[in-house]
Student: 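Supplied in structure tokens, the structure appears directly below.
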2 protein chains.
Amino acid sequence: MSTLIWNLLITGSNELINREQNTYHHKDLRSALIEAAIGLLPASGASGLSLREVAKAAGVSHTAPYRHFKDKSALLAAIAQTGFERLSDAITTVVAAHDNDPQQQLVEAGSAYVTLGLQNPDMMHLMFGGVLDPDTLSEEFCNTSMKSFAGLVHIIEAGQKAGIFKADPPESIAITAWSMVHGLMMLIAAGHLRDMATLPEQAEQLSRIIGHNLLTGILK
Amino acid sequence: MSTLIWNLLITGSNELINREQNTYHHKDLRSALIEAAIGLLPASGASGLSLREVAKAAGVSHTAPYRHFKDKSALLAAIAQTGFERLSDAITTVVAAHDNDPQQQLVEAGSAYVTLGLQNPDMMHLMFGGVLDPDTLSEEFCNTSMKSFAGLVHIIEAGQKAGIFKADPPESIAITAWSMVHGLMMLIAAGHLRDMATLPEQAEQLSRIIGHNLLTGILK
DNA sequence: ACCTGAACACCGTTCAAGT
DNA sequence: ACCTGAACACCGTTCAAGT
């Protein structure tokens, strides 16, 4: 049968085909692949994921992913994008829970950043570990990233208006805060602080300590 | 010829063989492989390095590396080890250049950490990006890492004795400082701050800003 | 302590052809 | 919008055998 007629046929009655024969597994294979990949991440690692493995986990042939992603790195980018959105959402929730208290917002958001990151270290390595080519990062990806950063800057500005934070450029302060929690999270995730932070509680404790140091400085 | 006799022969007159026939390329293939790998790092990326590629660049067969490394990840670990030593050495030099001034030592060491890291972002991703299994990290590796951290703690303690830094546990302060510079470096290396830090001078500038914020805090 | 060469299972990617 | 199946070049790893 010609491809054209076939396409008309299946796009017209997707559900029917899904019920009658077991050929088309997913309404949204794209999401299913991303989900399967996230499930495989802990076992394979960010740099050990294989397209064929992901396809098999999603129950499709190893060529099927190419219908939704240009190549493997496009799939990886989509996974990282999902991770970034989840991180962003979680922090937004935490921030909303401490309304009108910029100082607490900052500390709690930082703590959430570290805690959530350490729940998915492989996701963090995918998002921040240089697996993805910075030049190839999708526009969507950058938007999510910039939106998160803008939220952080907004907290700083609110704190400055309330007379809590000093009057330096808010972007500078935001980068300082982000660098700190990001560095702590990455160091623990990569196993470089195993002596002092193996358990989640220890990581949480450390994130509060560095949060305090950020606020008050380390000078006497 | 039997392997035993052959081994006796070549171990007894390595240089002769090297001159007479072009078969044994390296006195120290292990180092040559690491060096070749470091050279390939910028082109291949931390997770794109292939053993065969490295062997070819070193001018040996693709099975030769197995004489010196158990497997690919052992080679990667050795590369990371080299990177860690270089980073450690560079910081030791900077610290030595500002003797008896713990505050400046801290700021300059941080700046050097960021600057040097950004000169080899792929090396940083290999060292800190989760490419290596934390459990597999060699003892040597951990020793270098711990030695560096001990040096940082020592600076903090000196500053506390001099009455410059506050009297918190020096390990807490050390982790705070390390997290900050590490986070900044990793964020820039992964391309997440391209708006504010593409040039090395901007990175250097940022590292000084966060250093200042670390010292004085962000509260008013 | 290296070499060649073959072999194995796996990988990303690209086809042609089918439903 | 999926499928199978074959193909390609590449990969990590393991051999056997040679120098």
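Reminder, nothing fancy here: chain letters follow the sequence lines and each chain counts from 1.
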Student: Could you check whether the rings of A:H192 and B:F84 sit parallel, tilted or perpendicular, using 30° and 60° as the cut-offs?
Tutor: parallel
Student: Would you mind reading off the distance between A:L51 atom CG and C:dT13 atom P, rounded to a whole angstrom?
Tutor: 6 Å
Student: What protein N or O atoms touch nucleotides 6-8 of chain C N or O atoms at under 3.5 angstrom, if any, and at what distances?
Tutor:
none

Student: Can you tell me how far C1' of C:dC11 sits from CG of A:L76, to the nearest Å?
Tutor: 13 Å
Student: Can you name the residues that form a salt bridge (charged side-chain N to carboxylate O under 4.0 Å, His left out) with B:E204, not counting sequence neighbours?
Tutor: B:R208
Student: Let me know the distance between NZ of B:K56 and P of C:dC3, rounded to the nearest Å.
Tutor: 14 Å
Student: Tell me, which pairs form a salt bridge (Lys or Arg N to Asp or Glu O under 4.0 Å) where one or both residues lie in residues 30-39 of chain A, sequence neighbours left out?
Tutor: A:E35-A:R86
Student: State whether the side chain of A:Q205 and the backbone N or O of A:E201 hold a donor-acceptor pair below 3.5 Å, judged by distance alone.
Tutor: no
Student: Can you pull out the residues from residues 64-72 of chain A that lie within a 4.0 Å heavy-atom distance of DNA chain C?
Tutor: A:Y66, A:D71, A:K72
Student: What's the shortest heavy-atom distance between B:V95 and B:A109, and which atoms?
Tutor: CG2-CB, 4.2 Å
Student: Under 30°, 30 to 60°, or over 60°: which ring-plane class applies to B:W178 and B:Y113, parallel, tilted or perpendicular?
Tutor: perpendicular
Student: For DNA chain C, what is the dot-bracket line, given that a base pair needs Watson-Crick (N1 to N3, plus N6-O4 or O6-N4) or G-U wobble (N1-O2 and O6-N3) geometry with both distances under 3.5 Å, and | means paired with another strand?
Tutor: ||.|||||...|||||.||
Student: Quick one: which residue pairs count as a side chain to side chain donor-acceptor pair (under 3.5 Å) with a foot in residues 117-134 of chain A, not counting sequence neighbours?
Tutor: A:D133-A:T136
Student: How about A:H68: does its NE2 atom have over 12 heavy atoms from other parts shown lying under 6.0 Å from it?
Tutor: yes
Student: Nearest to the A:V60 side chain among C:dC3, D:dC2, D:dG12, which nucleotide is it?
Tutor: D:dC2
Student: For the pair A:T198 and A:Q202, evaluate side chain to side chain donor-acceptor pair (under 3.5 Å) and give the outcome as yes or no after the intermediate values.
Tutor: CA-CA 7 Å; A:T198 38; A:Q202 293 176 301; 3.1 Å; yes
Student: Of A:V181, A:L152, A:I173, which is the lone residue that meets side-chain contact (heavy atoms from CB on, under 4.5 Å) with A:L106?
Tutor: A:L152
Student: Using modelled atom types and a 3.5 Å cut-off, is there a donor and acceptor pairing between side-chain atoms of B:K147 and backbone atoms of B:C142?
Tutor: no
Student: Please tell me which of the listed nucleotides, D:dC3, D:dC2, C:dC11, lies nearest to the side chain of A:S61?
Tutor: D:dC3
